[in-house]
Amino acid sequence: HNDNFQYPLRPDKMDWTEEHYPGWEKYKPSGTTADAVVPTVLDIGCGFGGLTVALATILPNETILGMEIRAKVTEFVRLRLLALRKEVPGSYENASVMRTNSMKFLPNYFRKGCLNKLFFCFPDPHFKRKNHPRRIVSERLLSEYAYFLAPGGKLYCITDVKELHEWHVAKCDAHPLFERIEDEKVLAADPCVNAMVTETEEGKKVARNKGDKYYAVYKYRDDLVQN
Ligand code: SAM
């Protein structure tokens with residue numbers, strides 16, 4: 001399912017208003033220029049959209065985008081969000097979903113320093129060693145993710161696969177532009193942490209099966225970069 005993606009040539013060729021955030025002027029989007037809206041928070045591999053939906057309320061001033069490679073799943077989330085917007089007029093205007101391969105096309109959609117948060121929730125584990133290059137958190141992609149993050153930006157990852165969690169931590173710890181947030185008080189005070197543990201469909205499934213969840217949160221080391 002990797003072919004036939006349409007994507008803009010450059011981020012400035014992308015108009016997010018009509019298809020994704022037609023009501024964006026109703027909220028006060030962070031990081032937005034006067035006449036255009038851009039996503040500031042990505043739920044990468046959003047699946048059925050539980051976290052995308054939750055983040056819309058938790059982060060009312062952010063513009064949330066779920067990204068999903070499967071067409072039918074993306075359509076499910078799109079209809080889910082439209083229904084929510086209808087149910088409570090004025091709500092969920094700040095959340096949308098897009099079908100794309102986020103391992104390939106992020107640079108076509110996003111400018112340097114435009115994102116405040118990136119979520120990787122229960123990504124496909126790709127257990128076999130020969131498939132490790134397909135993992136969505138990797139040395140190369142972390143450099144891309146750092147490029148898109150704004151000062152103070154954060155990267156969140158969670159999985160029920162211990163080995164994959166260890167991979168996430170090893171890759172992020174080794175990356176000079178990411179620093180783990182270890183302080184339990186800081187993590188507990190961040191509502192996004194609780195949401196990523198409890199609100200995704202995969203997270204709920206793991207809870208029903210009484211499985212373990214492992215997560216880590218990293219902050220972007222903007223102090224090391226000349227912006
Ligand atoms: N985050 C959701 C959750 O926690 O419930 C879904 C987790 S599911 C195991 C992983 C999702 O990532 C799948 O829906 C899959 O289609 C999507 N995915 C895998 N590779 C992707 C890619 N390159 N770009 C966008 N989505 C991708």
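Just follow the structure's listing: the first ligand is 1, and inside any ligand the first atom is 1. Index from 1, following the sequence.
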(message) Suppose I only count heavy atoms of Met103 and a 4.0 Å limit; which atoms of ligand 1 are within that range?
(response) 23 (N)
(message) Judged on heavy-atom distance to atom 1 (N) of ligand 1, which of Gly45, Gly66, Ala71, Gly50 sits nearest?
(response) Gly45
(message) Please confirm whether Val73 approaches ligand 1 to less than 4.0 Å, judged on its heavy atoms.
(response) no
(request) Show which residues join Leu51 in its hydrophobic cluster (side-chain heavy-atom contacts under 4.5 Å, direct or indirect), or state none. (result) Val41, Leu55, Ile58, Leu59, Ile64, Phe119, Phe122, Tyr156, Ile158, Ile181, Val186, Leu187, Val193, Met196, Val197, Val206, Tyr215, Val217
(request) Measure from the ring center of Phe76 to the ring center of Phe48 and say whether it is less than 6.0 Å. (result) yes
(request) Show which atoms of ligand 1 fall inside a sub-4.0 Å distance from at least one heavy-atom site of Asn101. (result) 22 (C), 23 (N), 24 (N)
(message) Is a donor from one side chain sitting under 3.5 angstrom from an acceptor on the other, for Glu68 and Thr74?
(response) no
(message) Please give me the minimum heavy-atom distance between Gly49 and Glu201, naming the atom from each residue.
(response) N-OE1, 3.6 Å
(message) Can you classify the ring geometry of Tyr218 versus Phe178 as parallel (below 30°), tilted (30 to 60°) or perpendicular (above 60°)?
(response) perpendicular
(message) Checking the N or O distance criterion of under 3.5 Å, is ligand 1 in contact with Ile44?
(response) no
(request) Answer with yes or no after comparing the ring centroid distance for Trp167 and Phe120 against a 6.0 Å cut-off, counting only values under it. (result) no
(request) Enumerate the atoms of ligand 1 whose separation from the nearest heavy atom of Cys121 is less than 4.0 angstrom. (result) 1 (N), 2 (C), 4 (O), 7 (C)
(request) Report yes or no: do Thr63 and Asn94 form a side-chain donor-acceptor pair below 3.5 Å? (result) no
(message) I'd like to check which ligand 1 atoms, numbered from 1 as shown, lie under 4.0 Å from a non-hydrogen atom of Glu201.
(response) 5 (O)
(request) Below 4.0 angstrom from a heavy atom of Thr100, which ligand 1 atoms are there? Numbered from 1 as shown, please. (result) 24 (N), 25 (C)
(message) Tell me whether Arg70 has any N or O atom under 3.5 angstrom from an N or O of ligand 1.
(response) yes
(request) Indicate yes or no: does Lys72 engage Glu75 in a salt bridge with an N to O separation below 4.0 Å. (result) no
(request) Name the option, out of Thr200, Ile158, Leu51, that contains the heavy atom nearest to atom 4 (O) of ligand 1. (result) Thr200
(request) Look only at interatomic distance and state if Gly203 has a nitrogen or oxygen under 3.5 Å from any nitrogen or oxygen of ligand 1. (result) no
(message) Considering both backbone and side-chain atoms of Glu68, is one of its nitrogen or oxygen atoms within less than 3.5 Å of a nitrogen or oxygen in ligand 1?
(response) yes
(message) When you compare ligand 1 with Ile69, is there at least one nitrogen or oxygen pair between them that comes in under 3.5 angstrom?
(response) yes
Mind listing the side-chain donor-acceptor pairs of residues 138-148 below 3.5 Å, one per line with the distance, residues two or more places apart or on another chain?
unit_1, atom_1, unit_2, atom_2, d
Ser138, OG, Leu141, N, 3.2
Ser143, OG, His175, NE2, 2.9
Tyr145, OH, Ile136, O, 2.6

